[in-house]
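Reminder, nothing fancy here: chain letters follow the sequence lines and each chain counts from 1.
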Amino acid sequence: KQEVTQIPAALSVPEGENLVLNCSFTDSAIYNLQWFRQDPGKGLTSLLLIQSSQREQTSGRLNASLDKSSGRSTLYIAASQPGDSATYLCAVDSGGYQKVTFGTGTKLQVIP
Amino acid sequence: DAGVTQSPTHLIKTRGQHVTLRCSPISGHKSVSWYQQVLGQGPQFIFQYYEKEERGRGNFPDRFSARQFPNYSSELNVNALLLGDSALYLCASSPYGNSNQPQHFGDGTRLSIL
């Protein structure tokens with residue numbers, strides 16, 4: 001059974017700082033890993049999708065890496081802004097057909 | 001283009017009642033998935049439907065059921081509601097439900113059980 005862990009559960013940083021969010025998973029036989037952002041009371045917004053054959057994906061100030069052998073992914077956010085404040089979730093598809101397992105998220109607060 | 005839409009946005013029910021939640025996928029998307037998110041936790045997979053067929057089911061009791069219609073919209077039904085069913089129910093759509101496609105989520109239905 002796939003288990004996904006995100007550490008830390010919460011993070012507070014000053015504006016402008018670069019930061020890294022961590023995601024680990026127990027079963028390395030995955031199809032893909034996806035990072036999401038969730039604002040309070042809202043649904044999830046897809047940020048980056050990394051296929052199992054890929055090592056990283058980039059979108060603007062965001063860069064996600066994947067190391068299947070060690071069961072780890074990181075989400076790097078450059079030059080953080082107050083608007084980046086949200087909960088960040090990683091989700092692992094290890095069953096195919098998007099039957100994904102989510103982590104519990106990292107709540108990020110960027111202080112102006 | 002409209003994103004994934006879910007209705008209602010909020011719902012209050014009492015124990016033992018039945019509830020139906022609705023989801024309209026992004027136009028052109030044929031796959032719909034349902035998730036339950038309890039406060040403070042990540043979403044948990046409930047069902048995936050593609051072309052009106054159930055293609056995946058999570059570890060939820062038979063009180064939970066779903067269906068997909070010819071226009072690819074979907075309903076999630078929960079019978080004999082329990083206090084523990086209080087959660088945000090999320091719907092996600094993708095073109096074909098394959099693992100190389102990102103899922104797009106709606107804003108969810110917040111269900112409160114009294």
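- Interface remark: Gln37(B) contributes side-chain atoms only to the contact with chain A (heavy atom separation under 4.5 Å).
- For Gln6(A), no part sits under 4.5 Å from any heavy atom of chain B, backbone or side chain.
- Ranking Cys91(B), Pro43(B), Gly40(B), Gly106(B) against chain A, the residue ahead of the rest is Pro43(B), based on heavy-atom pairs under 4.5 Å.
- In the hydrophobic clustering of this structure, Val110(A) does not group with Tyr76(A); members are Ile, Leu, Val, Met, Phe, Trp, Tyr whose side-chain heavy atoms approach within less than 4.5 Å, directly or through other members.
- Salt bridge status for Lys13(B) with Asp85(B): absent, with no side-chain N to carboxylate O gap under 4.0 Å.
- In this structure, the portion of Leu89(A) lying under 4.5 Å from any heavy atom of chain B is its side chain and not its backbone.
- Under a hydrophobic clustering in which Ile, Leu, Val, Met, Phe, Trp and Tyr are joined whenever their side-chain heavy atoms come within less than 4.5 Å, directly or via other members, Val100(A) and Leu90(B) fall into the same cluster.
- Note: Phe36(A) and Phe102(A) have tilted aromatic rings, judged against thresholds of 30 and 60 degrees for the angle between ring planes.
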